[in-house]
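Values below: all heavy atoms of this structure, side chains included; hydrogens, waters and symmetry mates excluded.
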Amino acid sequence: MAHCRAMGARPDQEELLLPLVQAVSEQLARRLRPGIAPEDCGPAFSLAAAMAAMGQLAGITGENELSSFTAGELTIRRETGNRDAGDSLVRQAERLLSPWLEDGGFAFQEVQG
């Protein structure tokens with residue numbers, strides 16, 4: 001929740017954000033490679049969960065108050081009028097955790113030609 005507050009979450013959003021962060025954390029934990037625990041990802045796991053929850057909140061409420069947020073080398077910016085900002089936060093969260101996540105199901109197959 002501290003990351004969400006740092007990204008601009010208002011106190012009146014916490015009732016909805018807390019279960020969102022918990023659900024997103026569980027979803028992300030299930031996508032980790034075998035043998036990897038959320039703790040193995042360091043601070044990236046909690047930051048990614050907060051980013052994804054804020055993105056989903058923006059999709060639920062139709063608003064996105066995040067204009068700029070920086071954590072280490074990661075910077076998130078929202079341009080005025082960007083309707084895909086919520087989805088963008090979710091994608092950025094997945095990229096942040098990509099070193100620890102299982103493949104997303106994409107595979108190359110040999111094609112004889």
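Among all heavy-atom pairs drawn from A53 and V21, the shortest one is CB-CG2, 3.6 Å. When every heavy atom of M7 is checked against every heavy atom of A50, the shortest pair comes out as CE-CB, 3.4 Å. Closest approach of S46 to P43, counting heavy atoms only: OG-O, 3.3 Å.
Q92 and S88 share a donor-acceptor pair across their side chains, judged by distance under 3.5 Å alone.
In this structure, the side chains of P38 and W100 stay at 4.5 Å or more apart for every pair of heavy atoms. Between M54 and L17, the closest side-chain pair of non-hydrogen atoms falls below 4.5 Å. Inter-residue side-chain proximity for H3 and M51 is flagged as unmet; no heavy-atom pair is nearer than 4.5 Å.
For residues 33-55, the set of pairs meeting the salt bridge (Lys or Arg N to Asp or Glu O under 4.0 Å) definition, not counting sequence neighbours, is empty.
At a threshold of 4.5 Å between side-chain heavy atoms, the hydrophobic network of Ile, Leu, Val, Met, Phe, Trp and Tyr places L96 and L32 in two separate groups. V24 and L101 end up in the same hydrophobic cluster when Ile, Leu, Val, Met, Phe, Trp and Tyr side chains are linked at under 4.5 Å. Residues M1 and L28 do not share a hydrophobic cluster, clusters being chains of Ile/Leu/Val/Met/Phe/Trp/Tyr side chains in contact below 4.5 Å. Linking ILVMFWY side-chain heavy atoms closer than 4.5 Å, directly or via other members, places L89 and F45 in two distinct hydrophobic clusters.
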